[in-house]
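Notes follow once the structure below has been shown.
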Amino acid sequence: MNIETFKMIIAIVQTGTFSGAGEQLGYAQSNISARVHQLEDSLQTPIFYRTNRGVVLTSAGQSFYQRAIRIVDLTEDTIHFMKSPDIVNGDLRIGTLQPASTTYLPPILTKYHQAFPKVKLTIETGNTNENLERVLDYRLSGAVIGGEVDDPALCKIPLATEELCLISANDERPDLKTASLLVFPQGCVYRKTLETWLSYRRVTVQRPIEFNYLNAILASVSAGLGISVVPKAVAQPFVDSHAMSMTSLPKQFATIPLSFIYRNERCD
């Protein structure tokens with residue numbers, strides 16, 4: 001077992017298939033498959049469940065995968081340090097909420113990149129629950145999330161308090177009982193805020209329309225499809241251009257904290 005074996009397992013998990021890992025690493029699929037079988041035989045335990053759609057980690061495989069990422073990270077950090085002890089380099093994979101990727105994060109990333117130009121930055125968008133999961137299972141170095149988090153496995157750095165608003169297509173206050181709700185999938189802090197507020201108002205949420213992209217929600221609200229809750233900083237340019245209207249939320253629902261989280265083994 002060597003560093004290439006750990007990289008192979010990581011690639012399989014990230015691509016979801018042996019063939020995808022082979023393409024990523026430059027190996028034939030048969031080579032990848034044979035190496036996995038050899039590894040499982042040597043460990044005397046299966047690492048993957050094989051399915052028609054690809055592979056899924058077993059519980060033992062999940063533990064192996066998490067340790068593989070730590071080993072690869074530590075090995076590559078050591079190599080980078082020994083080659084250039086005064087230069088910060090390596091890979092940094094950051095998760096973020098879609099709105100934060102256009103508001104709070106760009107100036108932070110700009111300063112970081114100017115200070116550490118040798119670091120390879122990769123930015124992924126996801127909702128709060130997805131970002132939490134990806135940080136905990138080592139797929140992300142850290143992430144921007146919304147709302148509160150209390151997990152002993154994580155460290156948290158407060159970033160900002162984000163002001164939210166209700167957006168609709170016209171100046172009239174929308175009828176919350178009849179308007180269609182445009183939301184991100186479950187796990188989104190903005191959706192949770194909207195649903196909590198409506199529950200407080202005793203409004204039943206029925207069949208909301210789900211989107212994966214913030215711009216699609218904004219365009220659909222402007223077109224009159226429905227209403228949504230988004231950060232005020234994101235909505236303001238559309239309101240200023242009269243593409244949509246904005247309504248303030250009650251104080252207890254009007255703001256959420258934004259934080260940057262990372263695994264606690266990286267804490268000082």
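The residues of the chain are indexed from 1 along the displayed sequence.
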Short side-chain to backbone donor-acceptor contact, [X] and [Y], under 3.5 Å:
X    : Y    : value
T58  : P46  : yes
Q98  : N212 : yes
S220 : I217 : no
R263 : V135 : yes
T15  : A21  : yes
T193 : F253 : no
S33  : S30  : no
T51  : G54  : yes
R67  : S63  : yes
T161 : P257 : no

In Å, rounded to the nearest 0.5 Å, how long is the span from [atom1] of [X] to [atom2] of [Y]?
X    : Y    : atom1 : atom2 : result
Q186 : E195 : CD    : CD    : 5.5 Å
L132 : L154 : CG    : CG    : 6.5 Å
T96  : I123 : OG1   : CD1   : 7.5 Å
T125 : F184 : OG1   : CZ    : 8.5 Å
Y27  : I32  : OH    : CD1   : 7.0 Å
I167 : L218 : CD1   : CG    : 5.0 Å

What I'd like to find out is whether the side chain of [X] reaches to under 4.5 Å of the side chain of [Y], using heavy atoms alone.
X    : Y    : value
V189 : N127 : no
Y200 : P250 : no
L258 : Y104 : yes
V55  : V36  : no
L43  : F64  : yes
E133 : R139 : yes
E130 : P185 : no

So, for [X] and [Y], which heavy atoms are closest and what is the spacing to 0.1 Å?
X    : Y    : result
E40  : F48  : OE2-N, 3.3 Å
I227 : A179 : CD1-CB, 3.9 Å
M244 : S168 : CB-O, 3.3 Å
V221 : L182 : CG2-CD1, 3.6 Å
Y65  : I10  : CE1-CA, 3.9 Å
L166 : P174 : CD2-CG, 3.7 Å

List for me each residue that meets side-chain hydrogen bond (donor to acceptor under 3.5 Å, both in side chains) alongside [X], sequence neighbours excluded, and say none if there are none.
X   : answer
K7  : E76
Q62 : none
R93 : E124

Are [X] and [Y] in one and the same hydrophobic cluster, where Ile, Leu, Val, Met, Phe, Trp and Tyr link if side-chain heavy atoms are under 4.5 Å apart?
X    : Y    : result
Y49  : F18  : no
Y213 : V229 : no
V56  : Y138 : no

N131/L97 under side chain to side chain contact (heavy atoms under 4.5 Å, CB included): CA gap, chis, key distance, verdict | CA-CA 8 Å; N131 287 343; L97 307 175; 4.0 Å; yes

Is it the case that more than 12 heavy atoms not belonging to E148 sit under 6.0 Å from its CD atom?
-> no

Evaluate the side chain to side chain contact (heavy atoms under 4.5 Å, CB included) criterion for residues Y112 and L121: first the C-alpha distance (whole Å), next the side-chain angles of each, then the deciding distance (0.1 Å), finally the verdict.
-> CA-CA 10 Å; Y112 185 89; L121 284 170; 4.2 Å; yes

Starting from the C-alpha separation in whole Å, work towards a yes-or-no answer on side chain to side chain contact (heavy atoms under 4.5 Å, CB included) for I47 and L57.
-> CA-CA 6 Å; I47 294 177; L57 285 169; 4.1 Å; yes

